[in-house]
There are 2 protein chains.
Amino acid sequence: MTKKNTTIYDISKKLNVSVATVSRALNNHPRISQETKELVAAAAKEMNYKQNNLAKALKSGETKTVGVIVPYINTNFFSSVIRGLEEELSPHGYRVIICQSHDDAAIEKKQLNTLLHTQVDCIFISISRNTSDMEYVKKILSTTNTPIIFFDRKKDIPGISTITIDDHKGAYQATEHLIQQGYKNICHFAGDQNLEIYQNRLNGYLDALKDYKLPVIKENIINTGSSIEEGISAMKSLWKRKVKPDAIFSASDFTALGACKEIKNLKIKIPEDIGVIGFSNEPFTQFMELSISSVDQTPVLMGKISGNVFLESIKDNSSGISIEKKLVLTPTLHIRQSSKRKK
Amino acid sequence: MTKKNTTIYDISKKLNVSVATVSRALNNHPRISQETKELVAAAAKEMNYKQNNLAKALKSGETKTVGVIVPYINTNFFSSVIRGLEEELSPHGYRVIICQSHDDAAIEKKQLNTLLHTQVDCIFISISRNTSDMEYVKKILSTTNTPIIFFDRKKDIPGISTITIDDHKGAYQATEHLIQQGYKNICHFAGDQNLEIYQNRLNGYLDALKDYKLPVIKENIINTGSSIEEGISAMKSLWKRKVKPDAIFSASDFTALGACKEIKNLKIKIPEDIGVIGFSNEPFTQFMELSISSVDQTPVLMGKISGNVFLESIKDNSSGISIEKKLVLTPTLHIRQSSKRKK
DNA sequence: TTGTAGGCGTTATCAA
DNA sequence: TTGATAACGCCTACAA
């Protein structure tokens, strides 16, 4: 048996007033008598009235719902960003729909369209690895009013606000720290160069080397993904070289972990013989018995700020001006045992 | 400048047909000529038509959207369940709205109401620690058609399907394993007894002791939360006893980790002097240099099955029957270094 | 202070 | 095969 929800129409019938009065009373309209308001409120409660946001949204054009697309939701970084986003937006009455792209541009595009159909008020995206064609994003921008905001993994597109961390700086500081600890032959485990974040980490590494007059050696840049296994195998092949590295700056904590495991396996000493720094400050990096240095990306904050950029843009928009923001957060280097050679 | 979305009305005007025809053509209605369908499809594409799900939902009463409420989204367990949920439901056209209760019953109730306003087709909840009054949940059940499904952290309420793991079994197997490894004075770090999952873990531990004729010692049950710090302090005070424990079965991986850290600090040997097992199979448990044994809860699977229970209930409902399901998944014990004393 | 009525975009019923 | 129209539940001019 299907239960019917009570509507303002039901309340109006019961109280012998018009639906308009009920609607206004419920919305605390100034020109409704206190008495009526109380009457309506009582009836609403008694009849277990629940406002239908669908109808409201259809009328107002605002769903008070936003969408967020990430590669996978069950990673520390992305789930933390989403946590921040939810905590920033929820108090303002916004719901958050989550979508996974599985790091695939085709799925990402599909999810984007689904969100558009759902009439979300804003779409937050951290793009997938193989996203390159941004034409459909531009088309959405030019044909709809739905703002798109990129966080972390972005592309530069006019009209799209972005919230990122300063990957270059994080990488630079990490490399600089290794140099200051006396490491001289520093390798970099580089991530997918289709993504700006990994380009910036690589460049930060390179610039630190240059600034400290260390030679840039092409072979010291190893392309890896971000799995433990790739870290292990990268380390394995590195150690077969005649000239061995004395430090690793990895663009991923997982490859850094893989490297640590293999280093232990090779009976080399961390941090005496070789230093290691990762990136992301995954929880496990500090849990390890030999804790791993890493660069923190403040993901919860990134989520909150992303949400805030949207909220602010709504305010701005009321005055007809839409400002494109490019916010860059500062990462924090956490120095732990894996790279602290000097006491 | 505000861009207007094209509607079926726009298409109907352009093609000089009725909106009904457009709607039917778009929905591939059998009694529309192929010619018209193609015409409409072409116009829709050209005019960049995007269906408004809001209007559709208002009409049909189905939003194709579900809500999920968890304490916090950025934990491995909950984000993994949500991943599974999204992956099960997304192919069927459902969107997933995520809400955080911050482990607080009052917020949980608020989120529940928001989801109801949003007209979601189903609500998935893992209840907060201090949830006790289930009256409002029962009221929702009796006054709305919105199904509620509990996963992991549940209460038994008629009409609500639940998906859990067999915590008793997981705890029993963990304890049994410790016993078989020769440990005799096994302590339990128990979680919040307001939650069934922790009750069950405690009972599994107790039953294993009984079955193996080991004495049940009340002082060996330590109430902790699930933080590293509590694990450390619990271990600290345990080691001040005259009769010291030789194993810990913790209801949480984090307290287990804390115990391990303190054990190392006390210069005791794992697993020779003391064995440790946690619960949840958090990623870090296997990353540790001294890997920690733990009970895996298969969270992604739990999410998928939760989604599936909902999908099945829709099918069932078409025949007017709504079946309340109580599904219990089997956990898997992962034996690692922290508890493997015998070779 | 309150009521009437139109419209948001879709689908479905009843006609044609 | 197609068209006209009502309805989903709400809000809001415009009237009264």
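Values below: all heavy atoms of this structure, side chains included; hydrogens, waters and symmetry mates excluded. Per chain, numbering begins at 1; letters A, B, ... match sequence-line order. Keep in mind it's a predicted model, so treat the numbers as computed, not measured.
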To the nearest angstrom, the CD1-C1' distance between A:Ile32 and C:dG3 comes to 10 Å

Within the 4.0 Å heavy-atom criterion, would you say A:Asn27 contacts the bases, only the backbone, or no part of the nucleic acid? sugar-phosphate

Atom pair distance, as rounded to whole Å: CD in B:Gln51 and C1' in C:dG9: 10 Å

Any residue of residues 7-23 of chain A with a heavy atom less than 4.0 Å from an atom of DNA chain D: A:Thr7, A:Ile8, A:Ala20, A:Ser23

Does anyone know the first and last nucleotide of DNA chain D in reach of chain B, 5' to 3', at under 4.0 angstrom to a heavy atom? D:dT1 to D:dG9

For side chain to side chain contact (heavy atoms under 4.5 Å, CB included), just list the numbers for B:Lys315 and B:Glu312, CA-CA rounded to whole Å, side-chain angles, deciding distance to a tenth of an Å, and then say yes or no. CA-CA 5 Å; B:Lys315 277 199 223 159; B:Glu312 290 293 319; 3.4 Å; yes

Using atom CD of B:Gln119 as one end and atom C1' of C:dT10 as the other, report the distance to the nearest whole Å. 16 Å

Heavy atoms of B:Asn53 and A:Thr118 approach each other most closely as ND2-N, 3.7 Å

On DNA chain C, compare the nucleotides closest to B:Arg31 and B:Ser60; which residue's is nearer the 5' end? B:Ser60

Testing A:Asn28, A:Thr21, A:Asn27 for side chain to side chain donor-acceptor pair (under 3.5 Å) with A:Lys37, which one passes? A:Asn28

For A:Glu86 and A:Val96, work out which heavy atoms get closest and say how close. CA-CG2, 4.1 Å

If you take all heavy atoms of A:Leu141 and A:Thr146, which pair is closest and at what distance? CD1-O, 4.5 Å

Pairwise side-chain contact, A:Phe78 with A:Gln100, heavy-atom cut-off 4.5 Å (strictly under): no

With a non-hydrogen cut-off below 4.0 angstrom, is B:Lys37 in contact with a base, only sugar-phosphate, or nothing? nothing

For the residue pair B:Thr63 / B:Asp121, report whether a side-chain donor-acceptor contact shorter than 3.5 Å exists. yes

Show your reasoning for whether side chain to side chain contact (heavy atoms under 4.5 Å, CB included) applies to A:Leu89 and A:Phe124. CA-CA 12 Å; A:Leu89 296 180; A:Phe124 299 86; 4.2 Å; yes

Can you measure A:His117 atom NE2 to C:dG9 atom C1' for me and round it to whole angstrom units? 14 Å

Tell me: CG of B:Asn52 to P of C:dG9, nearest whole Å? 7 Å

Do any pairs count as a ring pair (Phe, Tyr, Trp, His ring centres under 6.0 Å) and have a residue in residues 20-74 of chain A, sequence neighbours left out, and if so which ones? A:Tyr72-A:His102

With sequence neighbours excluded, what pairs up with A:Lys304 under the salt bridge (charged side-chain N to carboxylate O under 4.0 Å, His left out) test? A:Glu87

Using five pairs at each end of the helix from C:dT1-D:dA16 to C:dA16-D:dT1 to define an axis, what is the angle between those two axes, to 10°? 40°

For A:Glu88, check salt bridge (charged side-chain N to carboxylate O under 4.0 Å, His left out) against everything at least two apart and list the hits. none

Specify the separation, in whole Å, of atom CD of A:Glu35 and atom P of C:dT1. 12 Å

